[in-house]
Amino acid sequence: MDNGLSRRNFDQLARYIYDYSGIKMPPAKRTMLEGRLRRRLRATGIVDLDDYCDYLFKHGGIDREAIHLIDAVTTNKTDFFREPKHFEHLERSALPELMAAGHNRLRIWSAACSVGAEPYTIAMVLEDYREARGAPDYSILATDLSTDVLKAARKGIYPVGMIDPVDHQKRIRYVMEPRDPQRGEVRIHPKLRAKIGFGRLNLMDRAYEIGDKVHIVFCRNVLIYFDKPTQEKVLARLCDKLVTGGFLYVGHSETISGLNLPVKQVANTVFRKV
Ligand SMILES: C[S@@+](CC[C@H](N)C(=O)[O-])C[C@H]1O[C@@H](n2cnc3c(N)ncnc32)[C@H](O)[C@@H]1O
């Protein structure tokens with residue numbers, strides 16, 4: 001039976017996780033971290049958390065284990081139509097304003113997409129909008145640090161209860177009922193999946209290699225895990241990737257006031273690049 005992490009090992013892990021992912025790991029999160037890492041004990045066959053740390057940091061295991069360690073420590077809670085005011089804003093303000101400014105082919109980035117509910121929600125809104133008006137054409141880039149969530153996002157299969165926030169009309173159009181109802185799973189329609197490119201991107205990277213600039217960025221419910229200086233750097237790099245007049249959505253509990261960024265606020269937790 002393992003007795004948890006020694007203080008020294010906790011500090012070393014916390015430093016590693018912070019440097020790699022930007023995620024703060026204060027002492028209050030020690031029990032949570034221990035719980036999450038016990039999953040890695042089962043997977044590696046190591047019996048004790050301190051032995052696991054020796055494996056990582058004394059015997060060179062960190063290179064092989066880094067991806068799994070980071071997968072284990074990220075928090076991936078998400079929902080379809082989470083913070084629904086953002087999607088109302090997208091439909092009623094951002095899309096009409098971008099179209100009025102002559103942008104008929106939109107690139108949209110979900111920059112911490114978790115298991116995909118956020119980019120699929122964006123795709124549902126865009127698809128409805130385009131069908132009603134004949135434009136714009138669009139593509140969505142969906143990135144995350146965790147390889148586990150990206151795997152699930154690419155599949156686009158969800159427990160049926162997770163689809164509850166999707167309204168009836170959208171559900172008929174974009175969600176495929178299960179062939180085997182016993183499994184209780186639904187699948188997102190391939191026409192939406194085809195609109196989204198998934199990839200791994202660490203928001204700690206010095207430059208975001210995503211190709212052309214984007215018109216809209218969703219970076220929601222990830223900044224809370226970062227300290228202020230890290231938030232400022234991440235947001236500055238995201239703004240660099242936005243066209244002038246492009247929109248940035250952050251989570252409802254995330255505040256960017258006091259940060260030096262080239263944006264003005266246009267709605268609650270919605271910003272526009274100036
Ligand atoms: C709580 S989820 C938010 C998902 C979605 N944006 C939403 O609001 O529902 C946070 C996501 O951020 C990802 N994440 C954490 N650190 C990251 C980093 N340094 N780079 C990219 N993604 C990161 C996690 O893997 C996780 O999937």
Side-chain angles (χ1 to χ4, degrees), residues 13-26 29 32-33 36 39 66-90 108-125 140-156 158-159 162-166 188 196-210 214 216-238 241 247-256 268-270:
L13 274 169
R15 163 57 55 187
Y16 182 85
I17 292 163
Y18 176 79
D19 288 345
Y20 191 108
S21 68
I23 298 171
K24 292 174 286 170
M25 205 43 80
K29 293 210 166 161
M32 185 274 277
L33 181 63
R36 302 258 184 113
R39 280 191 260 154
I67 281 190
H68 306 300
L69 169 67
I70 294 300
D71 277 353
V73 301
T74 54
T75 297
N76 310 120
K77 187 196 151 11
T78 190
D79 281 309
F80 285 85
F81 288 90
R82 182 179 195 181
E83 301 176 348
K85 288 250 176 293
H86 280 162
F87 300 101
E88 286 171 27
H89 182 275
L90 177 66
I108 302 169
W109 184 12
S110 166
C113 67
S114 186
V115 292
E118 182 175 276
Y120 287 125
T121 299
I122 298 168
M124 288 179 194
V125 173
I140 299 170
L141 171 67
T143 61
D144 201 282
L145 176 60
S146 161
T147 54
D148 281 349
V149 296
L150 287 168
K151 222 180 285 165
R154 282 192 185 97
K155 282 195 192 137
Y158 300 95
M162 210 174 148
I163 296 294
D164 287 350
V166 179
I188 302 300
I196 306 175
F198 290 99
R200 187 169 190 251
L201 184 140
N202 186 348
L203 290 167
M204 294 306 107
D205 290 348
R206 280 168 176 273
Y208 300 154
E209 309 285 347
I210 61 155
V214 298
I216 300 173
V217 173
F218 281 77
C219 183
R220 307 188 311 157
N221 302 301
V222 62
L223 297 166
I224 31 164
Y225 300 106
F226 304 154
D227 58 23
K228 275 270 167 216
T230 307
Q231 290 178 356
E232 186 158 25
K233 281 185 215 149
V234 167
L235 287 163
R237 290 192 289 256
L238 290 173
K241 287 286 159 194
F247 290 86
L248 166 70
Y249 294 83
V250 302
H252 283 347
S253 62
E254 293 165 329
T255 155
I256 74 168
N268 182 25
T269 60
V270 187

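None of the values given here were measured: they were computed from a predicted structure. One-based numbering, in listed order, for ligands and for the atoms of each.
Aromatic ring centroids of F87 and F80 lie 6.0 Å or more apart.
Across every non-hydrogen atom of V217 and A111, the tightest pair is CG1-CB, 4.5 Å.
The closest approach between a heavy atom of S21 and any atom of ligand 1 is below 4.0 Å.
Residue N202 has at least one nitrogen or oxygen atom sitting less than 3.5 Å from a nitrogen or oxygen atom of ligand 1, judged on distance alone.
Residue K77 touches ligand 1 through its backbone alone, judged by heavy-atom distances below 4.0 Å. Residue-level proximity to ligand 1 for L203 is carried by backbone and side chain together, each with a heavy atom below 4.0 angstrom. At a 4.0 Å heavy-atom cut-off, ligand 1 touches L201 through the backbone alone.
Checked by atom type, the side-chain pair Y18/D227 shows a donor-acceptor distance below 3.5 Å. A donor-acceptor contact under 3.5 angstrom links the side chains of T74 and N76, judged on distance only. Side-chain atoms of D71 and T147 form a donor-acceptor pair, as typed in the model, at a separation below 3.5 Å.
Partner of W109 under the side chain to side chain contact (heavy atoms under 4.5 Å, CB included) criterion, chosen from I122, I140, I216, T143: T143.
Residue contact check: R220 has heavy atoms under 4.0 Å from atoms 3 (C), 5 (C), 6 (N), 7 (C), 8 (O) of ligand 1. Within ligand 1, counting atoms from 1 as listed, the ones closer than 4.0 Å to a heavy atom of S146 are 25 (O). Close approach of ligand 1 to S114 is summarised as follows: ligand atoms under 4.0 Å from at least one heavy atom of the residue are 4 (C), 27 (O). The atoms of ligand 1 that sit less than 4.0 Å from any heavy atom of E118 are 5 (C), 6 (N), 7 (C), 8 (O).
Within a 6.0 Å sphere centred on NZ of K85, other residues, nucleotides and ligands contribute 12 heavy atoms or fewer. In the displayed structure, R15 atom CZ is contacted under 6.0 Å by at most 12 heavy atoms of other residues, nucleotides or ligands.
Two residues are said to be in side-chain contact when any heavy atoms from C-beta on lie closer than 4.5 Å; F226 and M204 meet this criterion.
Here the heavy atom of the protein found nearest to atom 7 (C) of ligand 1 is R82 NH1, 3.3 Å. With respect to atom 23 (C) of ligand 1, the closest heavy atom belonging to the protein is L145 CB, 3.6 Å. Looking only at heavy atoms of the protein, atom 27 (O) of ligand 1 is closest to D144 OD2, 2.7 Å.
Between the side chain of R237 and the backbone N or O of D205 there is at least one donor-acceptor pair closer than 3.5 Å.
Between the choices N221, N76, D148, the shortest heavy-atom distance to atom 8 (O) of ligand 1 belongs to N221. Of the listed residues (A153, A112, A111), the one carrying the non-hydrogen atom nearest atom 5 (C) of ligand 1 is A112. Heavy-atom proximity to atom 2 (S) of ligand 1, evaluated over T75, T78, V222, is greatest for T75.
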